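The structure appears right after this line, and notes come after that.
Both counts, for ligands and for their atoms, begin at 1 and track the order of listing. Keep in mind it's a predicted model, so treat the numbers as computed, not measured.
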Amino acid sequence: MASSLRPLAVVTGASTGIGRELAGIAAERGYDLVIAADEPLIDDTAISLRGFGVDVLPVQADLATTGGVDDLCARIQSTGRTPQLLLANAGVGLGHAFLDQDPADWSRVIDTNITGTLFLIHKVGREMRTADTGRILITGSIAGFMPGSFQAVYNGTKAFLNSFSFALRNELKDTAVTVTCLMPGPTDTEFFARGDLLDTKVGQDDKDDPADVAAAGFEAMMNGEGDVVAGWKNKLQSAAANVLPSGFLAEQHRKMAEPGSGTH
Ligand SMILES: NC(=O)c1ccc[n+]([C@@H]2O[C@H](COP(=O)([O-])OP(=O)(O)OC[C@H]3O[C@@H](n4cnc5c(N)ncnc54)[C@H](OP(=O)(O)O)[C@@H]3O)[C@@H](O)[C@H]2O)c1
């Protein structure tokens, strides 16, 4: 990989869902890749992405831990190259009432979505700033616009990322490094099964195609835009969330995410 003349992209959470699609677009556009996920499936993903004729380095690392982020950073460094793109996408959801959740589970949501993401962006972002080039895409969510009854910690992590993304973008405005926040609505991935949300309305309703969501995010990142909400329904919902009272939004979220709110 070190001898390649192609630019390098790093994609986390690249084994499934939105991250898998983001990695596919990067490969199609001629980026060599470092891709990361927690499970061994990431090796199979690498094999299929190599079909695009680019070099792909899979890294199995638990990005909820600083050790896992350090491993990933060491592997990026081993390429001898500064990434041109960083797509910080790995994340997990978690359903049920906060007081019924296991602390090990909700703290892992924070460690994955916020802490691990920030450690990675801090390391790679510094290199990009020194090189005065690079694009960062952070996967936030429209969930960050509303208090997430029965998904309270998750929505809080996404509110954090939505906010953080714009702050970092502003801090870097005098450099050539851009920061973009991808804010998907409900998207058809493994997210809902993993978060134990399959018996909820949001878990059972129709969802966006992860390929479309990833395409919107990649495009916005390449255009250096601040954020992108994929899909018109989600655009409406996020616009409404900006003006509606928090108590009302929390009640609406209950209707979507309360266990048993689905029809089957
Ligand atoms: N689906 C939605 O409705 C939706 C809506 C808005 C935002 N999002 C956000 O989109 C992002 C991608 O989610 P998705 O919907 O594509 O779900 P997904 O299919 O479950 O993908 C999640 C990815 O993150 C990886 N990951 C999770 N925890 C990790 C950890 N500790 N260390 C390393 N990798 C980890 C997973 O790999 P392993 O399987 O190896 O753990 C997987 O590759 C997340 O940030 C999510 O919050 C999703």
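Counting only heavy atoms of the protein, atom 26 (N) of ligand 1 lies nearest to Ala90 CB, 4.0 Å. If you check which protein heavy atom lies closest to atom 41 (O) of ligand 1, you get Asp38 CB, 3.4 Å. Nearest protein heavy-atom contact of atom 27 (C) of ligand 1 is Val92 CG1, 3.7 Å. Shortest contact from atom 6 (C) of ligand 1 to any protein heavy atom: Ser141 OG, 3.3 Å. Taking atom 47 (O) of ligand 1 as the reference point, the nearest protein heavy-atom neighbour is Tyr154 OH, 2.7 Å. Nearest protein neighbour of atom 14 (P) of ligand 1, counting heavy atoms only, is Thr189 OG1, 3.4 Å. Nearest non-hydrogen protein atom to atom 21 (O) of ligand 1 is Thr16 OG1, 3.2 Å. Ranking the protein heavy atoms by distance from atom 25 (C) of ligand 1 puts Gly13 CA, 3.5 Å first.
Side chains of Arg20 and Ser48: a donor-acceptor N/O pair is present below 3.5 angstrom, by distance only. Glu39 and Ser15 share no donor-acceptor pair across their side chains, judged by distance under 3.5 Å alone. There is no side-chain donor-acceptor pair under 3.5 Å between Arg129 and Thr175.
At a threshold of 4.0 Å, the pair Asp227-Lys235 does not count as salt-bridged, since none of the basic side-chain nitrogens sits closer than that to a carboxylate oxygen. Taking a cutoff of 4.0 Å between a charged side-chain nitrogen and a carboxylate oxygen, Lys123 and Asp70 qualify as a salt bridge. Between Arg29 and Glu219, at least one side-chain N (NZ, or NE/NH1/NH2) sits under 4.0 Å from a carboxylate O, which counts as a salt bridge. The pair Arg108-Asp62 meets the salt-bridge criterion, since a charged nitrogen lies less than 4.0 angstrom from a carboxylate oxygen.
Hydrophobic clustering places Ile18 together with Val56 (ILVMFWY residues linked when any side-chain heavy atoms are closer than 4.5 Å, directly or through intermediates).
If you look at Phe191 and Tyr154, their ring centroids are closer than 6.0 Å.
Residue contact check for ligand 1: Gly68 places no non-hydrogen atom closer than 4.0 Å to it. Under the 4.0 angstrom criterion for non-hydrogen atoms, Pro210 is not in contact with ligand 1. At least one heavy atom of Gly185 sits less than 4.0 Å from an atom of ligand 1. Put simply, no part of Met183 is less than 4.0 Å from ligand 1, judged by heavy atoms. Using a 4.0 Å cutoff on heavy atoms, Gly93 does not count as a contact of ligand 1. Pro40 does not count as a contact of ligand 1, since none of its heavy atoms falls under 4.0 Å from the ligand.
The residue Ala36 has no part lying near ligand 1, judged by heavy-atom distances below 4.0 Å. Residue contacts with ligand 1, taken as heavy atom pairs separated by less than 4.0 Å, involve Arg108 solely via side-chain atoms from C-beta onward. Using a 4.0 Å cut-off between heavy atoms, Lys207 makes no contact with ligand 1 at all. With a 4.0 Å heavy-atom cut-off, ligand 1 is reached by the backbone of Ala61 but not by any atom from C-beta on. If you look at Thr187 next to ligand 1, the close heavy atoms, those under 4.0 Å, come from the backbone and the side chain alike.
Across Asn113, Asn162, Thr117, a single residue satisfies side-chain hydrogen bond (donor to acceptor under 3.5 Å, both in side chains) together with Thr157, and that is Asn113.
For atom 11 (C) of ligand 1, the nearest non-hydrogen atom from the set Asn89, Asp188, Thr112, Ile18 comes from Asn89. With distances taken over non-hydrogen atoms, the option nearest atom 22 (C) of ligand 1 out of Glu190, Arg20, Arg194 is Arg194.
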Pair Tyr31, Phe52 - check ring pair (Phe, Tyr, Trp, His ring centres under 6.0 Å), show working. CA-CA 9 Å; Tyr31 286 83; Phe52 288 101; over 10 Å; no
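The distance criterion of under 3.5 Å between nitrogen or oxygen atoms is met by Leu63 with respect to ligand 1.
At a distance under 4.0 Å, a protein heavy atom can be found next to atom 45 (O) of ligand 1.
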